Number of protein chains: 2
Amino acid sequence: IIKLQNVAKYYEMGDNTVKALDGVNISIEKGDFVSIMGPSGSGKSTGMNLIGSLDLPTKGEIYLDKHDISHLTESELEQIRGKKIGFIFQSFNLIPNLTAKENIMLPMLFQGVAKKGREKKAEELLNLVDLSDRMDHYPNQLSGGQQQRVAIARSLANDPEVILADEPTGNLDTKTGEMVMNFLEKLNKKGKTIIIVTHDHELAKKHSKIIYWLKDGRVEKVTKKIKA
Amino acid sequence: IIKLQNVAKYYEMGDNTVKALDGVNISIEKGDFVSIMGPSGSGKSTGMNLIGSLDLPTKGEIYLDKHDISHLTESELEQIRGKKIGFIFQSFNLIPNLTAKENIMLPMLFQGVAKKGREKKAEELLNLVDLSDRMDHYPNQLSGGQQQRVAIARSLANDPEVILADEPTGNLDTKTGEMVMNFLEKLNKKGKTIIIVTHDHELAKKHSKIIYWLKDGRVEKVTKKIKA
Ligand SMILES: Nc1ncnc2c1ncn2[C@@H]1O[C@H](COP(=O)(O)OP(=O)(O)OP(=O)(O)O)[C@@H](O)[C@H]1O
Ligand SMILES: Nc1ncnc2c1ncn2[C@@H]1O[C@H](COP(=O)(O)OP(=O)(O)OP(=O)(O)O)[C@@H](O)[C@H]1O
Ligand SMILES: [Mg+2]
Ligand SMILES: [Mg+2]
């Protein structure tokens, strides 16, 4: 369903070139549960942005459902993204002047869902991440982990086929983190494709079937779980 | 060195009161290495802000070096903070239009350190967190873990007596996280007081002597390491 072919992402910094990704090949099948791991600065979030069509590569091709998306316009990318991809950002990216509930309703507004439907779905999702009693709080009135859970709920608003989660449990205690991971596994069993970036090797081993290990902008190795 | 006595922090939300902390007693000796753990939303960051004199309690007293700081003015608090306390925030709070190096130099500027001294110290700290090759990047040109490391370096700029770290390894891979924790342990051996919030029980057990467990705004229990 998603393929990165010889992808590179370079940033020009004066007369220095930062190679965030430098020749990466990643192939993800529909219904996979994939983890991406690697040292800080190795290119994981950059990879996620490219996979999620939030950014375009400097070199190489990106295929989503066999379509080459590496040369689409921003508005064409937006169309695909809004319907198919749910993104949980490493720094959450919540809208500061919208409440938790409004933040979760926003993606549905862009897909033309009626108000009653948006409200009902947002309340279900808030209940799922155990934040029903915080729905009218603004992001700066929420704890770090509560903001992360709002970001998680928001990514599920349009029932996307592909969920990209950049360190989704980084700010959560073990119990809450496991609840989130178990829910992602449930979605995966229903056919959703899940790609997570995590620093937690135990978490990655427990829930995903494939782990891509990045180092210095390249894929260092791929480990696969063999069902016993 | 730091004491919270019957401290409460309430937020009025319309006709609802959110009790972020509801009667907390915490006593920290000079040179301690303390961890604070607990579920998401249990009051850890709120507690850290009060300990770090970044906020004032609704009820109760806060003592820093036996002085009751719960009734000082903002400018009096600023004085104490700048000299004595280094804070690593859960969401980093880097200044977006300053480079990594400038962010680290800023606290020293407030303490009247000369430019040469600020630059030298910032470069040492950047080297310590392995970011010498990123010193001229702006926060939005850094990975999540790199931003966290800049926040860590910045907290050490004025060589503070007390270091407060709110989930300092949340965005770091295991190896980089251990490097940070080992450095905090080194500072602790030199006499610094370290207080960290973490969701990583292994980390807390390995490095700290005392763990305060929060739940629903209260201290549920305290566990202490007994040297074998
Ligand atoms: N400005 C505010 N207004 C209203 N409620 C707030 C505000 N700040 C925090 N809270 C609430 O106070 C409680 C404690 O928040 P705090 O940030 O201390 O939690 P935490 O233990 O650090 O959680 P996490 O592990 O998720 O970071 C939360 O339930 C939060 O919703
Ligand atoms: N806009 C940018 N300009 C310049 N360099 C950048 C930019 N964005 C990212 N980088 C660099 O690209 C590299 C990869 O960044 P990326 O955010 O993908 O890392 P990461 O693997 O997600 O790290 P972490 O685990 O710390 O979140 C980093 O070294 C970073 O400094
Ligand atoms: Mg990242
Ligand atoms: Mg917190």
Side-chain angles (χ1 to χ4, degrees), chain A residues 11-14 16 18 20 37-49 89-92 94 99 129-131 133-150 166-167 169-177 179-180 197-202 213-215 217, chain B residues 11-14 16 18 20 37-49 89-92 94 99 129-131 133-150 166-167 169-177 179-180 197-202 213-215 217:
Chain A
Y11 293 103
E12 301 301 332
M13 311 286 296
N16 204 15
V18 171
M37 297 196 67
S40 171
S42 55
K44 306 180 295 297
S45 296
T46 304
M48 289 291 267
N49 289 341
F89 295 93
Q90 188 169 5
S91 53
F92 319 148
L94 299 179
T99 62
V129 294
D130 202 22
L131 281 179
D133 60 350
R134 292 283 183 272
M135 65 169 77
D136 299 323
H137 282 229
Y138 288 89
N140 67 357
Q141 295 173 326
L142 295 171
S143 78
Q146 289 168 342
Q147 292 174 30
Q148 186 156 39
R149 282 182 271 158
V150 173
D166 198 344
E167 305 199 32
T169 61
N171 283 281
L172 301 175
D173 53 279
T174 312
K175 182 154 162 280
T176 313
M179 171 183 99
V180 166
V197 167
T198 180
H199 282 305
D200 192 329
H201 191 200
E202 289 312 314
W213 297 84
L214 294 190
K215 189 174 184 196
Chain B
Y11 293 103
E12 300 303 332
M13 311 287 294
N16 203 17
V18 171
M37 297 196 67
S40 171
S42 54
K44 306 179 297 297
S45 296
T46 303
M48 289 290 267
N49 289 341
F89 296 93
Q90 187 168 6
S91 54
F92 320 148
L94 299 178
T99 63
V129 295
D130 202 20
L131 282 179
D133 60 350
R134 292 284 184 272
M135 65 169 76
D136 299 323
H137 283 227
Y138 288 90
N140 67 358
Q141 295 173 325
L142 294 171
S143 78
Q146 290 169 342
Q147 292 174 30
Q148 186 156 40
R149 282 182 271 157
V150 173
D166 198 343
E167 304 198 33
T169 60
N171 282 281
L172 302 175
D173 54 279
T174 312
K175 182 155 162 278
T176 312
M179 171 183 98
V180 167
V197 168
T198 180
H199 281 308
D200 192 332
H201 191 200
E202 290 312 313
W213 298 84
L214 293 191
K215 189 176 186 195

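Bear in mind that the values here come from a model prediction, so they are computed numbers and not experimental data. In what follows, every chain begins at residue 1, and chains take the letters A, B, ... in the order their sequences are listed.
Ranking B:Q147, B:H137, B:R134, B:K175 against chain A, the residue ahead of the rest is B:H137, based on heavy-atom pairs under 4.5 Å. When each of B:M37, B:Q141, B:Q148 is checked for heavy-atom pairs under 4.5 Å with chain A, B:Q141 comes out on top. Between chain A and the residues B:G38, B:S91, B:P39, B:S42, the most heavy-atom pairs under 4.5 angstrom are made by B:P39.
For A:N49, the side-chain hydrogen bond (donor to acceptor under 3.5 Å, both in side chains) criterion is met by no residue, not counting sequence neighbours. B:E202 meets the side-chain hydrogen bond (donor to acceptor under 3.5 Å, both in side chains) test with no other residue; sequence neighbours excluded.
Using a 4.5 Å cut-off between heavy atoms, B:E167 touches chain A through its side chain atoms alone. With a threshold of 4.5 angstrom between heavy atoms, B:V197 does not approach chain A through any atom at all. In this structure, chain A has heavy atoms under 4.5 Å from both the backbone and the side chain of B:S40.
Side-chain N or O atoms of B:D173 include none that pairs as donor or acceptor with a backbone N or O of A:H199 at under 3.5 Å.
Taking OG1 from B:T174 and NE2 from A:H201, the interatomic distance works out to 9.0 Å, rounded to the nearest 0.5 Å.
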